[in-house]
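As a basis for the values below, the full set of heavy atoms in this structure was taken, side chains included, without hydrogen atoms, waters or symmetry mates. Numbering starts at 1 and runs along the sequence shown.
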Amino acid sequence: MARKKKQQEGPAGGRNRYDADEYLDEKVSFVNFKYCVTYISRVKGPMLLALSLSIIGNIVGLSGPLFIQHALDAAVPAKDYRLLFIMAACLAGTIVIAIGFGAIRNLIVARAGQSIIHDIRYDLFAHLQKLPFSFYDSRPHGKIFVRVVPYVNSVSDALSNGILNFIIEILNILFIIFFMYRVDVHLATVTVLGLPVLALFIWTIKARQRRAWQIVSNKNSNLNAYVQESIDGVKVTQAFDRQNRNISILDRLADERNKAWMHAQYISNSVWFSTETISQIVFSFVYIMGAYWMHPMASFGMLLAMGNYAWRFWQPIINLANIYNTFVTGMSYLDRIFDTIAEPPLIEDAPDAVDMPAMRGHVIFDDVTFAYDPGRPILKNVSFQADPSDSIAFVGPTGAGKTTIVNLVSRFYNIESGQVIIDGFDIMKVTLNSLRSQMGIMLQDSFLFTGTIADNIRYGKLNATDAEVRAAAELIGANSFIEKLPQGYETPITERGGGISHGEKQLLAFARTLLSDPRILVLDEATSSIDTGTEQLVQEGIRTLMRGRTSFIIAHRLSTIRDCSRIMYIKDGRIVESGTHDELMALKGLYYQLYWAQYAE
């Protein structure tokens, strides 16, 4: 169900920011409509039952005015108390049945609505797990989060009660028209004459209303993105005493959101106001025509029944106007949700992909070119070979392409041209699970999850025993600080590892990687936040970790890579020097200059 989407370009060359509105189609997407139908069809059994109960309850309820008319026109003039009691009992029965069926229907719809919301949130979150890094690189994470929780919650009523009530109210109108024309053709015609006027008005403003709520969606998304960014960067904010500046930015974004919301409410309320105004005018004409224009004049019972039906006729129309407003509001959020679900994963298994067998670790880069943004290549015709158990280090200036190389080994991005081959298999033609499950990746950002110390180490191997967890920590040098914690390995860790130092986070990430027992190891600035003393402690663990494994290392401290099989100097996306430490020092080129510049420091 994928469809083309246009991204509004922001200041970052096509990458969205917290203060840049995202693009949304002004017209309702048929693809999004198909998504709605798909989710509703999953609960079609309960929805059909609720619809049936509503139809029965409404038909029974609509017979009420007929009993009133018969009582007033027949029982009261004849003083037939028995008939009057029967009509009253019938009227009471219709009310009880309508209310009872309505209550059961509401319970069924509420349960079905929550099932729909659960499925949407599950599918959305599952899809987010598959999307490539480029998706997350191109937009603030707050704009992604807002789609998973607030937006999904906001569309609950539109997709459950909204759709069902829309069908029910349409049927109600048809049933009421039937009953009205059964009572009197002239008064029934007067009642429905206001409907074309209302329809014309709604058709005139519908595009403006949809666009207004899309703008509200954009402003909500911007506000949420900035709040999350500010929370993530609160330490930097306080360090630079930027609180007042951040508050002023938030105030501006909140003001933009409030203005957009008020404008959308103004348009939506005009629908309700117009419906109420037209309905009151129609009520007046029904009574005026019944009392003064009809010959003979309508009976009191007929006039009361028609007035009741006129009210009942316009009540579902008023409800439809409210449902329309809810649906227009919900669609602005559904656009965001379904656009995300329609986002192509990009990094996925080829149709003919095969499982990668147990790796030996022979890696070939064959004339690889890659760019994050079109026309701006980061890597240019990169070629090299790593034999099993080789340790390859990449050095060079920031932005040269070092991290990009190791990202391509793990296939976090698709290659534009050239090949990455492992043990004779093109990585584009093997399954992602079989590829990445045999790799251990230690990124610059040592992200820890909410849980215990042991849980975070076990993340690399979910079925690992406590003994295996402890052994990995001991080997990497993390056991000493873990044992000093009040609860040891069961010490709780908050989101992002709050409560422990950056260096300790990296030690835990090392242990996590070691526990996964990878065949290919990737270390991206893995010791950047470890002090010199801790680094000496962990070096032996790293050597043990690298033993017998093909390893790719990016390191700022050149002392940590002196023993690597080969060191490659990357500059402007190309390998300009390659060799052992001694060979490169003898060459007296860029690596030589970098080494002595660092040594001098």
Side-chain angles (χ1 to χ4, degrees), residues 6-24 128 131 133-154 211-266 332-333 335-337 339-340 372-373 376 397-399 403 443-450 493-506 524-525 528-529 556:
K6 178 182 175 184
Q7 175 73 28
Q8 177 173 314
E9 290 201 4
R15 298 192 178 190
N16 196 262
R17 298 179 6 159
Y18 70 80
D19 56 353
D21 291 344
E22 296 173 284
Y23 175 84
L24 272 176
L128 286 171
L131 292 180
F133 286 179
S134 56
F135 174 81
Y136 297 96
D137 293 342
S138 62
R139 52 184 52 77
H141 293 174
K143 292 191 177 186
I144 301 171
F145 166 79
V146 76
R147 304 177 191 196
V148 181
V149 181
Y151 282 3
V152 172
N153 290 341
S154 298
R211 185 57 191 156
W213 282 109
Q214 284 182 331
I215 293 173
V216 172
S217 172
N218 273 330
K219 301 307 179 185
N220 275 331
S221 183
N222 294 350
L223 182 61
N224 191 83
Y226 186 69
V227 169
Q228 179 156 339
E229 179 181 296
S230 298
I231 292 172
D232 288 344
V234 67
K235 292 181 181 179
V236 178
T237 295
Q238 294 183 6
F240 286 90
D241 194 29
R242 192 186 147 94
Q243 294 93 322
N244 291 337
R245 172 62 176 163
N246 286 9
I247 291 170
S248 67
I249 293 174
L250 179 73
D251 183 59
R252 174 175 60 82
L253 294 173
D255 187 57
E256 289 176 0
R257 182 263 174 199
N258 291 344
K259 288 179 179 178
W261 188 84
M262 288 301 297
H263 177 65
Q265 281 292 340
Y266 173 80
S332 67
Y333 299 133
D335 283 341
R336 287 273 180 258
I337 294 167
D339 279 357
T340 304
Y372 293 106
D373 299 316
R376 298 172 58 190
T398 301
T403 297
L443 300 174
Q444 224 169 336
D445 180 17
S446 303
F447 193 96
L448 299 182
F449 298 88
T450 301
I493 294 179
T494 58
E495 182 184 357
R496 293 183 177 272
I500 62 176
S501 71
H502 205 139
E504 290 168 342
K505 292 178 191 177
Q506 288 195 302
D524 186 357
E525 298 282 7
S528 60
S529 297
H556 173 69

With rounding to the nearest 0.5 Å, note down the distance linking NE2 in H263 to CH2 in W213.
10.5 Å
Mind checking whether T340 and I144 have side chains closer than 4.5 Å, heavy atoms only?
no
Can you list the residues that meet the side-chain contact (heavy atoms from CB on, under 4.5 Å) rule with Y266, with sequence neighbours excluded?
none
Which pair of non-hydrogen atoms, one from V216 and one from A260, has the smallest distance, and what is that distance?
CG2-O, 3.4 Å
Any donor-acceptor pair under 3.5 Å linking the side chain of Y136 with the backbone of L131?
no
Return the set of residues passing side-chain contact (heavy atoms from CB on, under 4.5 Å) with N246 (not counting sequence neighbours), or none when no residue passes.
Y226, S230, T237, R242
Atom CG in D255, atom CG in D251: separation rounded to 0.5 Å?
6.5 Å
Heavy atoms, side chains only, cut-off 4.5 Å: are E256 and W261 in contact?
no
Report the distance from atom OG of S217 to atom CZ of R336, rounding to the nearest 0.5 Å.
4.5 Å
K143: which of N222, N220, N224, N218 passes side chain to side chain contact (heavy atoms under 4.5 Å, CB included)
N222
All heavy atoms of R147 vs all of V152, minimum pair found to be O-CG2, 3.1 Å
Any chance you could measure R252, atom CZ, to R257, atom CZ, to the nearest 0.5 Å?
16.0 Å
Within this structure, what is the CG-CG distance for the pair L253 and N258, rounded to the nearest 0.5 Å?
11.0 Å
